[in-house]
Participant: 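Mind looking over this structure? Questions follow.
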Amino acid sequence: MKRRHFVTLVGGAALIWPALSLGQQFARVWKIGYLGFGEASSWTSEVEAFRAGLRDLGYVEGRNLRIDFQWAERVDQTFDLAKQLVDRKVDVIFAPASTQVGPARRATGTIPIVFAQHADPVGLGDVTSLSRPGGNITGMSMLLTEVSVKELEILKEILPGATRVGLLWNPTTPSHPTAVKAVDRAAQTLGVELVHASASSVSEVQDAFHTMAHNQCNGVLVLSSPLYTVQAELLAELQMKHQLPAIFANRANVKAGGLVSYGADLDDLYRRAASYIDKIFKGATPAELPVEQASKYFMVLNLKTARALGVNVSPTLLARADEVIE
């Protein structure tokens, strides 16, 4: 072969090989099954944080990534939607909270499941331990039990004269029974009587507030649950209707008119959950990916609501707030 022909051939190959490599890089379109709860509009911020986390890691929807969103209106629909994602052979199921993880776990024991705001993954048996999940499930966790106790302390600080507090909890949220017990113990220490009010539907939420008002509660602690986030506006309205100052775990509830929230930064958790999916796509297994806990917690106060409820927020508490809504 003449030298000129050989150089031409090599030069041509140099142009072809990178092109082939680039083509191979984007030949695989990864599929994520997103198992949501409630209306998608209630989770706009978290979904965008999740997408941003994926984009930062090089995933572009429509190019090398597809997200199949499935939104359950009721808890009893989550298993059927999880099965649909399994049947569609998604590469990963993203089930943000324990409400969705349980049904996804029943639907598959092989497809990786990643969560973003699980309240108690070890206690509910979804992972063996935080350091060694041991199965097909892993992700980000928030300390619901400890946070719920802190929320009661903050509510008592805001309402120092409170002697009776309503506890709104959801029996369909797997992590709530454990949190309820911890709040019960904390209430005894604080000298507060708790009025338990469970609610797993809109009508039950309305009945629960009526019960707490009838029992002359001074305020309400609302345990973190996807249902209560989705119904943020309703909860804010009931708070005002019954004049029951309420503390929540999610900033969205305070934006909707709730008095105060204290909890994990969900946007941060959803963004960080994307890294688990990236590692799984690159060959890691959930069993070897330790569960990480939330590192950012913040308190949000709604002063407009405080004034409407006749609640005086102390300068000390106001100074501790990470965000104040005027």
Side-chain angles (χ1 to χ4, degrees), residues 37-38 42-46 49 96-97 116-119 140-159 162 165-170 173 175-176 179-180 182-183 186 197 199 205 208-209 212 217-240 242-270 293-309 311-314 316-326:
F37 180 82
S42 300
W43 300 96
T44 303
S45 180
E46 291 84 357
Q117 57 174 105
H118 201 307
M140 302 296 305
S141 174
M142 61 180 188
L143 305 174
L144 174 65
T145 300
E146 293 84 349
V147 168
S148 298
V149 170
K150 181 65 176 178
E151 289 166 354
L152 181 61
E153 294 172 353
I154 293 173
L155 185 61
K156 177 64 174 175
E157 187 175 352
I158 293 175
L159 306 171
V165 171
L167 178 63
L168 183 64
W169 65 285
N170 187 349
T173 299
S175 56
H176 276 196
V180 167
V183 174
V205 167
F209 267 83
M212 291 183 289
C217 290
N218 305 114
V220 178
L221 165 57
V222 180
L223 292 189
S224 176
S225 172
L227 172 65
Y228 302 152
T229 301
V230 170
Q231 297 298 330
E233 292 184 4
L234 172 63
L235 288 168
E237 291 171 4
L238 291 171
Q239 169 197 246
M240 299 306 299
H242 296 286
Q243 290 293 287
L244 289 171
I247 185 166
F248 304 86
N250 197 333
R251 176 179 180 273
N253 290 96
V254 181
K255 285 185 63 179
L259 175 61
V260 60
S261 69
Y262 178 79
D265 183 346
L266 295 187
D267 287 354
D268 180 59
L269 292 178
Y270 277 64
Q293 296 180 338
S295 58
K296 294 182 180 180
Y297 292 87
F298 54 73
M299 180 168 59
V300 182
L301 275 167
N302 190 319
L303 284 186
K304 180 180 179 181
T305 298
R307 289 191 290 267
L309 290 169
V311 174
N312 293 317
V313 180
S314 69
T316 301
L317 190 66
L318 194 60
R320 280 170 32 212
D322 298 281
E323 181 180 356
V324 177
I325 298 175
E326 298 287 349

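Quick note: numbers below take in every heavy atom, side chains included, and nothing from hydrogens, waters or symmetry partners. If you're wondering where the values come from, they're calculated on a predicted model, not measured in any experiment.
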Participant: Taking the side chain as everything from C-beta on, heavy atoms only, tell me whether Ile247 gets closer than 4.5 Å to Val222.
Facilitator: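 No - every pair of side-chain heavy atoms lies 4.5 Å or more apart.
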
Participant: Taking Val254's backbone N and O only, do any of them form a donor-acceptor pair with Asn302's side chain (distance below 3.5 Å, no angle check)?
Facilitator: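 Checking the backbone N and O of Val254 against the side chain of Asn302, a donor-acceptor pair under 3.5 Å is found.
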
Participant: Would you give the length of the straight line joining atom NE2 of His118 to atom CE of Met142, rounded to the nearest 0.5 angstrom?
Facilitator: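 If we round to the nearest 0.5 Å, His118:NE2 and Met142:CE are 10.0 Å apart.
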
Participant: Heavy atoms only: give me the nearest Val183-Ser148 pair and the separation to one decimal.
Facilitator: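 For Val183 and Ser148, the tightest heavy-atom pair comes out as CG2-CB, 3.8 Å.
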
Participant: Backbone N or O of Leu259 within a donor-acceptor pair of the Gln239 side chain at under 3.5 Å?
Facilitator: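 Yes, the answer is positive, given that a donor and an acceptor are paired below the 3.5 Å cut-off.
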
Participant: To the nearest 0.5 Å, how far apart are CG in Leu144 and NE2 in His176?
Facilitator: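 Leu144 atom CG to His176 atom NE2 measures 5.5 Å (nearest 0.5 Å).
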
Participant: Hey, what do you get for CH2 (Trp169) to CG (Leu221), rounding to the nearest 0.5 Å?
Facilitator: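 CG of Leu221 is found 13.0 Å from CH2 of Trp169.
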
Participant: With salt bridge (charged side-chain N to carboxylate O under 4.0 Å, His left out) as the rule and sequence neighbours excluded, what pairs involving residues 247-257 come up?
Facilitator: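 Output for this query lists Arg251-Glu323.
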
Participant: Considering only heavy atoms from C-beta outward, does the side chain of Val300 approach that of Asp322 to under 4.5 Å?
Facilitator: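 A side-chain contact is absent here, since even the closest heavy-atom pair is not under 4.5 Å.
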
Participant: Test salt bridge (charged side-chain N to carboxylate O under 4.0 Å, His left out) on Glu157 and Arg320 and set out the steps.
Facilitator: CA-CA 12 Å; Glu157 187 175 352; Arg320 280 170 32 212; 2.7 Å; yes

Participant: How far apart are the C-alpha atoms of Leu227 and Phe37, what are their side-chain angles, what is the distance that settles it, and do they pass the side chain to side chain contact (heavy atoms under 4.5 Å, CB included) test?
Facilitator: CA-CA 8 Å; Leu227 172 65; Phe37 180 82; 4.1 Å; yes

Participant: Is any side-chain heavy atom of Pro245 closer than 4.5 Å to a side-chain heavy atom of Val220?
Facilitator: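 In short, these two side chains do not touch, never coming nearer than 4.5 Å.
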
Participant: In terms of side-chain geometry, is the basic nitrogen of Glu151 or Lys156 positioned less than 4.0 Å from the acidic oxygen of its partner?
Facilitator: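 Result for this pair is no, no salt bridge flagged.
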
Participant: What's the spacing between Leu152 CG and Tyr262 OH if we round to 0.5 Å?
Facilitator: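 Leu152 atom CG to Tyr262 atom OH measures 13.5 Å (nearest 0.5 Å).
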
Participant: For residues 222-237, which residue pairs qualify under side-chain hydrogen bond (donor to acceptor under 3.5 Å, both in side chains), counting only residues two or more places apart or in two chains?
Facilitator: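 Residue pairs with at least one partner in residues 222-237: Asn170-Ser225, Thr173-Ser225, Thr229-Asn250.
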
Participant: Side-chain contact, heavy-atom cut-off 4.5 Å: Leu168 with Leu235?
Facilitator: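 When only atoms from C-beta onward are counted, Leu235 and Leu168 do touch, with a gap below 4.5 Å.
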
Participant: Does the side chain of Ile325 come within less than 4.5 Å of Leu303's, by heavy atoms?
Facilitator: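 No, their side chains stay 4.5 Å or more apart.
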
Participant: Measure the OH-CG distance between Tyr270 and Asp265 for me, rounded to the nearest 0.5 Å.
Facilitator: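 CG of Asp265 is found 11.5 Å from OH of Tyr270.
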
Participant: Less than 4.5 Å apart, any side-chain heavy atom of Ser295 and any of Asp268?
Facilitator: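 Answer yes - side chains close enough.
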
Participant: Please examine the side chains of Val165 and Cys217, heavy atoms only from C-beta on, and report whether any two atoms are closer than 4.5 Å.
Facilitator: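 In short, these two side chains do not touch, never coming nearer than 4.5 Å.
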
Participant: Is any side-chain heavy atom of Val230 less than 4.5 Å from a side-chain heavy atom of Ser42?
Facilitator: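 Yes, at least one pair of side-chain atoms sits under 4.5 Å.
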
